[in-house]
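Structure, as structure tokens:
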Amino acid sequence: MSDLRTEFHFVLPRGYVDHTGTLHRRGTMRLATALDEIAPLRDPRVRQNHAYLTVILLSRVVTQLGTLPMIDTGVIEEMFTSDIAFLQELYRRKNSPPEAELGEGNYLCPACGEQFPLPVLAEEPEGVLLGSGLGE
């Protein structure tokens, strides 16, 4: 049996208020797949406004929120910005390589298990946050 966790529980800082006034704070996010990050790029809403990538991506990986029957882009669009920021950070942490286990500056090859040092960039290009995974 694998020790890999693919789902993570969370509590939103403010919470989502649905159309009946019910507050939903507890939820679950799963690890993202390659398709989760690729598919939204085909969406015309992302082509019009690249920031919408975050909305679509979160709607794909947040699998539960309170008693809501499903999570779609409409739910994510109506969340408070502080909750979106919280989910973005959770996404980044859970979908990034586990550097704490490897030591700073190292990468573990998922295919062979060998450790490699990460290349160090002199500086990041303006407006790009490398390694965030969300919105790239």
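Please read all numbers here as calculations on a predicted model, not as lab measurements. Note that the numbering runs from 1 along the sequence shown for the chain.
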**Message:** Just verifying a value: how many Å separate Arg60 CZ and Leu35 CG, rounded to the nearest 0.5 Å?
**Reply:** 5.0 Å

**Request:** Of all the heavy-atom pairs spanning Ser82 and Pro13, show the shortest one and how long it is.
**Result:** O-CG, 4.2 Å

**Non-hydrogen atoms of Arg14 and Asp83 that approach each other most closely** = N-OD1, 2.9 Å

**Asked** Say you draw a straight line from CD of Gln88 to CG of Leu57; how long is it, rounded to the nearest 0.5 Å?
**Response** 9.5 Å

**Item:** Spatial distance of atom CG (Leu87) from atom CG (Leu58) [nearest 0.5 Å]
**Value:** 5.5 Å

**Item:** Rounded distance (nearest 0.5 Å) linking atom CG of Leu41 with atom CG of Asp43
**Value:** 9.5 Å

**Item:** Contact check, side chains of Asp72 and Glu77, non-hydrogen atoms, under 4.5 Å
**Value:** no

**Prompt:** Can Asp36 and Arg30 be counted as an ion pair, charged N to O under 4.0 angstrom?
**Reply:** yes

**Prompt:** Of the non-hydrogen atoms in Leu12 and His24, which two are nearest, and what is the gap between them?
**Reply:** CD1-O, 4.0 Å

**Asked** Would you call Val17 and Glu78 a side-chain contact if the rule is heavy atoms closer than 4.5 Å?
**Response** no

**Message:** Distance check, rounded to the nearest 0.5 Å: Phe8 atom CZ versus Arg93 atom CZ?
**Reply:** 10.0 Å

**Message:** Measuring only between side-chain heavy atoms, which start at C-beta, is Val62 closer than 4.5 Å to Val75?
**Reply:** no

**Item:** side chain to side chain contact (heavy atoms under 4.5 Å, CB included) evaluation trace for Thr73 with Arg45
**Value:** CA-CA 11 Å; Thr73 56; Arg45 296 170 293 183; 3.6 Å; yes

**Request:** Would you check if Thr54 and Tyr91 make a side-chain contact, meaning some heavy-atom pair closer than 4.5 Å?
**Result:** no

**Backbone N/O of Asp18 and side chain of Thr22: donor-acceptor pair under 3.5 Å** = no

**Request:** Decide side chain to side chain contact (heavy atoms under 4.5 Å, CB included) for Val61 and Glu7; before the verdict, give the C-alpha distance in whole Å, the side-chain angles of both, and the deciding distance to 0.1 Å.
**Result:** CA-CA 9 Å; Val61 299; Glu7 289 194 331; over 6 Å; no

**Fill in**
Taken to the nearest 0.5 Å, the spacing of Gln64 CD from Met29 CE works out to 12.5 Å

**Prompt:** Is a side-chain N or O of Asn95 found less than 3.5 angstrom from the main chain of Ala32, in a donor-acceptor match?
**Reply:** yes

**Item:** side chain to side chain contact (heavy atoms under 4.5 Å, CB included) between Tyr16 and Phe80, worked out
**Value:** CA-CA 7 Å; Tyr16 169 74; Phe80 296 111; over 6 Å; no

**Request:** Please confirm whether the backbone N or O of Val11 pairs with a side-chain atom of Arg26, one donor and one acceptor, at under 3.5 Å?
**Result:** no

